[in-house]
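Only this structure's heavy atoms are used, side chains among them; waters, hydrogens and symmetry mates stay out. The sequence lines fix the lettering, A, B, ..., with proteins before strands; numbering per chain opens at 1.
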Amino acid sequence: MTPAALADLVRTTAVHVLSTRGLDTTALPAAVTIERPRNPEHGDYATNLALQSAKRLGLSPRELAGWLAEALAETDAIAAAEVAGPGFLNLRLAADAQGDIVRAALQAGDDYGRGEALAGRSINLEFVSANPTGPIHLGGTRWAAVGDALGRILAAQGAQVTREYYFNDAGAQIDRFVRSLIAAAKGEPAPEDGYGGAYIADIAAEVLRREPSALSLPGAERHEAFRRIGVGLMFDEIKRSLHEFGTDFDVYFHENSLHTSGAVSRAVEQLKESGALYHADGAWWLRSTEYGDDKDRVVIKSDGQPAYIAGDIAYFQDKRGRGFDLCIYMLGADHHGYIGRLKAAAAAFGDDPDSVEVLIGQMVNLVKDGKPVRMSKRAGTVVTLEDLVDAVGVDAARYSMIRSSVDSSLDVDLDLFSKRSNENPVFYVQYAHARLASMARNAAELGIDLGDVADADLGLLTHDREGELIRTIGEFPAVVATAAELREPHRLARYLESLASAYHKWYDTCRALPQGDEPVTPLNIARLHLNNAARQVLANGLGLLGVTAPERM
RNA sequence: GCCCCCGUAGCUCAGCGGAGAGAGCGAAGGACUUCUAAUCCUUUGGUCGCAGGUUCGAGUCCUGCCGGGGGCACCA
């Protein structure tokens, strides 16, 4: 019996108990909460249903819980039901019923953990969106890993997800980038406000290789040549490193295209007509304060040029035109001020501000010997996505970025880049998968025929550690659903660690394969099914994080 | 000044209102002739920043303080 089925059983039973006593069944919550108590003495599962409902029924929680316990104990699937504490109802499943979780996981296979909570929703998920003026830094690496995992998780809940990267390839930053390239091509130092990393010289050299006459072109043409080729090279570089990181996007959107296509002007005109913009001090302002922003924002500057937000507005309109009913933006904490204006942009077009969801992630800091190290281009302490991958590999890099909440700032230790370390919990999880795969291989080599899981006697899985492992497997669908609902992929990573732990402990205690010449027993078969179920969940979970599930380590 | 995030074991961090608060790392000691020891088992370790409030019940929700980080442009 899966937790979801148990919740249904408890509710059905409660409805029955109340109605036979002539009590109001509407006092019951729509969904019954089933949790796994920390303390094993409190049963396999517990529900606070009686605590929640007793007051509305004018009963004492313990009295209500007692009635429920009595009725539930009649059920075959429930081995024990008892009232505890202020009115908790602690439940133990019959081993046979618990085995259904193993069946559910094996029968669903790759689909185990998928849900329908977001079925029919079309979601635009924008993340990374780092400026094309340099390689992806550690901050962008975090969003690449978390955003990609979130995209997978949302899709697993049935959403149609479009992953999108917004290139800010218009405006002053690009100018600085281009001037830096030209300076490097001439062998001059970077401009005061320019970029000075080694990659600038590399790109400048590549521009000259492709367009040997670039430097001798007249001013504007020269600038354009370096812009066109240089920015293109930077795009390719960014896409390539993200691809190698396991993160691909459906749409790479170029801000510049909004300006050249006239989308920005059209959006601005539309908002002028609707009154969302007003003219003051020679500029056009968005009434963003009406939508929760702390001040109105200039959209068209007094020199007639669009401000940065003009691109955001046109971009939102473009997304809206593509039919998304939810636009998620993942931004760094240094962009927290954007929330109000992005929602204002939506509201200005008459959309529900809730169709814009801004996820703010905290910064990534470099640490050495416990002390913070400032990332500085001049000091050469800028760490890029590629640096991290070169040092620890894609799996470990992704995993370490995903496993903590984005609400917490993340410290990356520079020692990672000099010391080889297996401390990353990703190896613990992957090792569990490799062990599982190994056991399945051994079983195959022994010629053990597992048969259909439907026919196996999973009621033989009665060891404490077996129960623990099975119930952990049973949690998986709810964990994925919660991670999607809260947009928190780290919950899935933490869950996989607990699953790996339950697996390793089980492995240590419960031998699955027959030894020597022993005959294959039904218990061997049941345990091998459990092994395969755990393997399935680890593989599904790691897949949702974009981390590989190795067959061997 | 205003806004957002954080404050939990020596360190890094989990803990979407539930019952002696958890993991990893660190420290001390154990377990491999048998399915992978990248594992497992002991032990060590805590005023959950402080003070109020809501609740049958608060690390979790609310308010106010105190620390740390980030943000408050006709820059992008």
Between [N] and [M], how far apart are the two [atom1] atoms, rounded to whole Å?
| N | M | atom1 | result |
| --- | --- | --- | --- |
| B:A14 | B:U54 | P | 31 Å |
| B:A23 | B:G64 | C1' | 33 Å |
| B:G15 | B:C48 | C1' | 11 Å |
| B:C11 | B:G53 | C1' | 34 Å |
| B:C3 | B:G45 | P | 43 Å |
| B:C62 | B:C40 | P | 37 Å |

Which of these nucleotides, B:G22, B:C35, B:C16, is closest to any side-chain atom of A:Arg491? B:C16
Closest listed nucleotide, where the reference is the side chain of A:Tyr507 and the choices are B:C41, B:U36, B:C72: B:U36
Quick one: classify the glycosidic conformation of B:C62 as syn or anti, with syn meaning within 90° of 0. anti
Syn/anti state for B:G20 [syn: chi within 90° of 0]: syn
Strictly below 4.0 Å: does [X] bring a side-chain N or O up to OP1 or OP2 of [N]?
| X | N | value |
| --- | --- | --- |
| A:Lys505 | B:A31 | no |
| A:Lys295 | B:A73 | yes |
| A:Tyr45 | B:G18 | no |
| A:Arg38 | B:G15 | no |
| A:Ser501 | B:U39 | no |
| A:Asn524 | B:C35 | no |
| A:Lys55 | B:C56 | yes |
| A:Arg494 | B:C13 | no |
| A:Tyr308 | B:A76 | no |
| A:Arg56 | B:C56 | no |

Centres of the A:Tyr503 and A:His433 rings: under 6.0 Å? no
Separation of B:A73 P from A:Leu286 CG (nearest whole Å): 16 Å
Please state whether the rings of A:Phe253 and A:Tyr166 are parallel, tilted or perpendicular, taking 30° and 60° as the class boundaries. tilted
Do other residues, nucleotides or ligands put more than 12 heavy atoms under 6.0 Å from A:Glu518 CD? yes
Pi-cation contact, A:Tyr399 with A:Arg403 (under 6.0 Å, within 45°): no
Pi-cation contact, A:Tyr507 with A:Arg435 (under 6.0 Å, within 45°): yes
Need one value for A:Ser409: base, sugar-phosphate or nothing, where a base atom within 4.0 Å counts as base even if backbone is also close, heavy atoms only. sugar-phosphate
Could you tell me whether the side chain of A:Pro306 reaches within less than 4.5 Å of the side chain of A:Val268, counting heavy atoms only? no
If stacking means aromatic ring centre less than 5.5 angstrom from the base's six-membered ring centre, planes under 30°, is A:His42 stacked on B:A19? yes
